[in-house]
Amino acid sequence: MKIATWNVNSLRARADRVEDWLRRSDVDVLAIQETKCKDENFPWELFENNDYEVAHFGFSQWNGVAIASRVGLDDVERTFEGQPAFGKGGKDPVQEARAIAATCGGVRIWSLYVPNGRALADEHMPYKLSWLDTLNKLAGQWITENPEAQIALMGDWNIAPLDEDVWDIDFFRDNGMTHVSAPERDAFNAFLETRFTDVVRPYTPGPKTYTYWDYTQLRFPKGEGMRIDFTLASPALAARVTGASIDREERKGKGASDHAPVIVELG
DNA sequence: ATGGTGGCAGAGCCA
């Protein structure tokens with residue numbers, strides 16, 4: 001079984017590329033982030049025509065997460081329990097469309113789009129940290145309740161856990177950029193303390209191994225990217241992993257997402 | 001090449 005995660009940065013703008021990739025990638029499950037659409041605009045037929053079931057959670061032009069599967073799609077859950085809400089400028093806080101789960105082929109798949117902190121002192125940063133902390137505590141409960149649970153936390157984490165996960169750590173430090181700060185890394189590493197593991201890194205060692213390249217500044221041609229898309233697996237799922245890859249080729253050419261798909265192979 | 005991002009509710013906003 002092959003499972004993958006991909007921040008597509010608009011599913012409608014990327015429909016042809018996503019369909020082409022689905023056909024040649026041969027993945028059984030695809031966790032998608034940033035569909036950037038509401039259910040009413042979602043390209044359901046793209047998946048149905050290729051024999052995938054799909055579940056989507058999106059209610060505005062922002063965020064949006066989905067799971068496509070050809071090995072079953074059961075017990076769909078939109079948002080995680082206690083998922084922090086965010087209200088900009090005093091607006092009523094809402095639980096954003098950043099998390100959807102489904103059980104596919106016996107694996108509990110979570111497609112996650114972790115909030116972008118925007119800036120170290122921005123109000124989005126504590127939101128990001130509490131979002132991760134809440135999810136981690138919940139995920140820890142899942143493992144405690146069932147040590148054999150096969151859980152995949154897949155998506156765009158908007159964190160670069162290691163210095164080598166960005167193209168120039170000094171550039172990030174000197175400019176006070178997000179994704180590499182200690183609080184963000186602590187929030188990510190807390191999942192490792194909960195016994196989730198990054199099952200992709202061992203098969204895709206750095207340095208200079210990335211999953212995202214900014215559209216600006218010719219970042220992709222210059223090889224200046226970031227590793228911010230991860231699959232964290234519960235112990236029982238991690239034990240099944242036989243391989244992983246990052247499809248850097250998919251970042252090439254006109255109409256590419258700024259993120260590459262990340263694939264995990266299960267035995 | 002004095003520019004050089006790309007989505008979205010089409011204008012700012014978001015990443």
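Here the structure is a predicted model, which is why all the values come from computation and not from measurement. Residue numbers begin at 1 in each chain, while the letters A, B, ... track the order of the sequences.
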d(NE2, A:His124; C1', B:dC13) in whole Å: 11 Å
Below 4.0 Å: OP1/OP2 of B:dG7 and any side-chain N or O of A:Arg14: yes
Between B:dC8 (P) and A:Phe59 (CZ): distance, integer Å: 18 Å
Nearest-0.5 Å distance that lies between atom CZ in A:Phe188 and atom CZ in A:Phe196: 11.5 Å
Sugar-phosphate only, base, or nothing, as touched by A:Tyr113 at under 4.0 Å among non-hydrogen atoms: sugar-phosphate
Value in whole Å for how far the C1' atom of B:dA15 lies from CZ of A:Phe220: 18 Å
d(CE, A:Met177; P, B:dA15) in whole Å: 14 Å
B:dA15 phosphate, OP1 or OP2, under 4.0 Å from A:Arg98 side-chain N/O: yes
B:dC14 to B:dG10 separation - P atoms, rounded to the nearest Å: 16 Å
Interatomic distance where CG belongs to A:Asn116 and P belongs to B:dG7 [whole Å]: 18 Å
d(NZ, A:Lys254; P, B:dT5) in whole Å: 13 Å
First of A:Asp258 and A:Lys36 reached from the 5' end of DNA chain B, by closest nucleotide: A:Lys36
Closest-nucleotide ordering on DNA chain B, the 5'-leading residue of A:Asn41 and A:Tyr212: A:Asn41
Exam field: side chain A:Gln150 to backbone A:Val107, donor-acceptor pair closer than 3.5 Å: no
Phosphate-side-chain proximity, A:Arg118 and B:dA15, N/O vs OP1/OP2 below 4.0 Å: yes
Sugar-phosphate only, base, or nothing, as touched by A:Thr216 at under 4.0 Å among non-hydrogen atoms: base
Gap between atoms CD and C1', on A:Gln33 and B:dG7 respectively (whole Å): 16 Å
Distance-only polar pair, side chains of A:Arg108 and A:Ser234, donor-acceptor under 3.5 Å: no
A:Trp62 CH2 to B:dC14 P, straight-line distance once rounded to whole Å: 6 Å
Euclidean distance for C1', B:dG6 against B:dA11 (whole angstrom): 15 Å
Spacing of the C1' atoms in B:dC8 and B:dG4 (rounded, Å): 22 Å
Distance-only polar pair, side chains of A:Asn9 and A:Glu34, donor-acceptor under 3.5 Å: no
A:Glu250-A:Ser257 side chain donor-acceptor pair, cut-off 3.5 Å: no
